[in-house]
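Reminder, nothing fancy here: chain letters follow the sequence lines and each chain counts from 1. All values below were derived from every heavy atom in this structure, side-chain atoms included, with hydrogens, water molecules and symmetry-related copies excluded.
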Amino acid sequence: MTKLEWVLIKNLKNYPEREVEVKGWLYNKRSSGKIVFMIIRDGTGLLQCVLMKKDRPDLFEQAEKINQESSVIVRGTVREEPRSPGGVEMQLTDIEIVNIADNYPISLKEHGVDFLADRRHLWIRTPKQSALLRVRSTVEQACRDFLHQQDFVLADAPIITPAACEGTTTLFEIDYHGEKAFLSQSGQLYNEAAAMALGRIYCFGPTFRAEKSKTRRHLMEFWMMEAEAAYFDFEDNLKLQEGLIYFIIRTVLDKNKEDLKVLNRDIEKLEAVSLPFPRLSYTEAVEVLRNKGREFEWGNDFGAPDETEISTNFNSPVFVHRYPTKIKAFYMKPDPSDGKVVLGADLLAPEGYGEIIGGGQRIDDLTLLESRIREHNLPEEAFAWYLDLRRYGSVPHSGFGLGIERTVAWLCGIEHVRETIPFPRTLYRLYP
RNA sequence: UCCUCGAUAGCUCAACGGUAGAGCAACCGGCUGUUAACCGGUAGGUUGUAGGUUCGAAUCCUACUCGGGGAGCCA
């Protein structure tokens with residue numbers, strides 16, 4: 001017997017009337033005594049296989065034994081079939097059982113989040129979860145492709161850090177051979193050093209926040225793509241950000257059409273996003289809130305409901321820029337035309353998905369940065385190396401951080417960020 | 001840390017002070033084009049834990065445990 005070509009399910013439409021091989025797992029089976037339908041998944045899609053008892057009684061008997069999530073290699077002829085989900089169907093000529101599964105815990109019926117979260121290692125096999133993870137993969141790759149096109153260099157930041165970068169948030173503490181250390185909450189300060197070396201750089205990795213946040217927008221461990229560019233001013237920075245987000249959307253629309261369909265995503269909402277993105281100063285955003293009848297004092301930070309209120313006025317993500325100095329990080333550069341605000345901007349996703357980017361221009365003046373570190377009561381020794389960047393050829397520079405999970409949640413139109421990462425770390429849940 | 005909701009069969013839920021039940025999954029049987037297939041049958045329970053009220057508690061009360069959603073903080 002000649003060896004058949006191994007074809008991925010997503011490519012089967014290119015093999016009409018050909019006999020090929022598919023390697024995967026049984027997703028579902030329907031049988032009526034004389035005919036059996038086996039739905040096979042291989043990570044790229046679902047394939048319906050059909051077998052008549054009268055054609056191959058031996059194979060039919062074997063098919064009866066195969067249960068949900070058993071691993072199988074199937075061989076047969078591919079043909080177009082409108083009644084089959086996916087449009088193509090395989091007429092079976094051979095079944096090779098790799099492993100018969102034990103009784104599989106996740107049925108095709110509904111389950112609660114608690115049950116599924118405890119079985120995340122199996123939950124990711126379902127069509128919706130697989131679709132989310134494929135979109136995530138596209139988003140991450142699109143980030144890299146876009147930045148490399150713009151001559152950015154990947155410079156990974158450390159995950160173990162000696163001190164709290166920004167001094168504000170709660171960090172996970174670890175024992176570093178007897179010394180106190182922390183899991184990184186941001187690669188930004190290291191990015192600034194790398195940008196002074198390589199010009200335009202980015203890092204891409206996990207970041208950690210130990211705050212007891214328990215909402216659909218928070219994880220204890222999440223992924224950020226943080227870019228930093230020497231000689232980029234505030235305006236250059238915003239242009240880069242909107243270009244990146246737009247590129248990500250177009251790439252996902254191009255590469256993940258089937259996944260977005262599985263996720264039931266309203267694609268028109270994504271297609272409506274256009275350049276340039278709208279911009280609102282913090283002060284204008286406060287006015288928007290007040291005009292909607294909300295009480296809001298200038299100088300306070302926006303809460304999640306405020307962000308939703310602001311972003312629902314637009315089809316595209318919206319930049320909110322020039323926040324009051326005291327509610328932003330110590331390294332933010334003051335606006336030369338208004339000392340009360342800084343050249344920082346957050347990008348708010350539409351449909352209430354909240355902040356997906358935070359960024360801005362950094363302070364490049366040594367004296368000012370020193371006084372800001374003192375004002376924020378930060379340990380000066382820990383920032384000595386950071387101050388060096390202003391001592392040896394300081395230049396204007398800007399950067400930002402993109403939250404991957406929130407971006408994927410928005411693009412896929414799902415409720416909770418925990419489903420956009422293979423193995424989420426949430427408050428009170430460390431397993432699996 | 002605070003507010004709020006929840007925990008009953010493997011799963012999703014019902015029973016709301018009076019003998020714990022259904023659908024799905026499992027197991028047995030039937031069915032020639034199924035779409036979370038369908039039809040018949042079998043088996044499956046110390047109602048999260050501890051205490052209290054009551055003739056009687058899954059149901060009412062208290063505490064605890066575990067979890068969901070939200071606030072703050074942030075991406």
Hey, which of these two, Ile327(A) or Thr426(A), hits RNA chain B nearer its 5' end, going by closest nucleotide?
Thr426(A)

When the [atom1] atoms of [M] and [N] are compared, how many Å lie between them, rounded to an integer?
N	M	atom1	value
A14(B)	U53(B)	P	30 Å
G17(B)	G30(B)	C1'	45 Å
G68(B)	G18(B)	C1'	33 Å
U49(B)	A57(B)	P	15 Å
C16(B)	A22(B)	P	16 Å
A9(B)	G52(B)	C1'	28 Å
A25(B)	G41(B)	C1'	16 Å

Going by ring centres under 5.5 Å and near-parallel planes (under 30°), is Phe222(A) stacked on A75(B)?
yes

Donor-acceptor side-chain pairing of Glu419(A) and Gln129(A) below 3.5 angstrom:
yes

Does either side chain, that of Glu228(A) or that of Ser398(A), offer a donor lying less than 3.5 Å from an acceptor on the other one?
no

Flag the pair Met224(A) / Phe204(A) as yes when at least one side-chain heavy-atom distance between them is below 4.5 Å, and no otherwise.
no

Does the side chain of Ser31(A) reach to within under 4.5 Å of the side chain of Glu64(A), using non-hydrogen atoms?
yes

Are Tyr104(A) and Tyr27(A) close enough, and set up right, to give a ring-ring contact (aromatic ring centres under 6.0 Å, His included), and what steps lead you there?
CA-CA 11 Å; Tyr104(A) 194 66; Tyr27(A) 174 68; 9.6 Å; no

Select base, sugar-phosphate, or nothing to describe what Ala117(A) touches, counting heavy atoms under 4.0 Å on all strands.
nothing

If you look at every strand shown and take non-hydrogen atoms under 4.0 Å, does Gly303(A) touch a base, only sugar-phosphate, or nothing?
sugar-phosphate

Generate the contact string for nucleotides 24-34 of chain B. Rules: B means base contact, S means sugar-phosphate contact only, - means no protein heavy atom under 4.0 Å.
S-S----BBBB

Do the two ring centres, one from Tyr202(A) and one from His148(A), sit under 6.0 Å apart?
yes

Kindly say whether the aromatic ring centers of Tyr282(A) and Tyr323(A) come within a distance under 6.0 Å.
yes

Hey, what do you get for OH (Tyr246(A)) to OG (Ser274(A)), rounding to the nearest 0.5 Å?
7.5 Å

Where the side chain of [X] is defined as all heavy atoms beyond and including C-beta, which of [options] is the nearest nucleotide?
X	options	value
Glu307(A)	C74(B), G67(B), G68(B)	C74(B)
Pro305(A)	A71(B), C73(B), C74(B)	A71(B)
Thr215(A)	A75(B), G69(B), G72(B)	G72(B)
His218(A)	C74(B), G72(B), G10(B)	C74(B)
Glu211(A)	G70(B), C73(B), C11(B)	C73(B)

Base G72(B) to side chain Lys212(A), donor-acceptor N/O within 3.5 Å cut-off:
no

Does the side chain of Arg216(A) get closer than 4.0 angstrom to OP1 or OP2 of C74(B) through an N or O atom?
no

Can you find a side chain N or O atom of Arg429(A) that sits less than 4.0 Å from OP1 or OP2 on G68(B)?
yes

Dot-bracket for RNA chain B: what is it, with Watson-Crick or G-U pairs under 3.5 Å, [ ] where a pair crosses earlier ones, and | for a pair to another strand?
(((((((..((((....[..)))).(((((.......))))).....(((((..]....))))))))))))....

Between the side chains of Arg125(A) and Glu69(A), is the shortest nitrogen-to-carboxylate-oxygen separation below 4.0 Å, so that they form an ion pair?
yes

Assess whether a salt bridge exists between Glu96(A) and Arg75(A), defined as any Lys/Arg side-chain N lying under 4.0 Å from an Asp/Glu carboxylate O.
yes

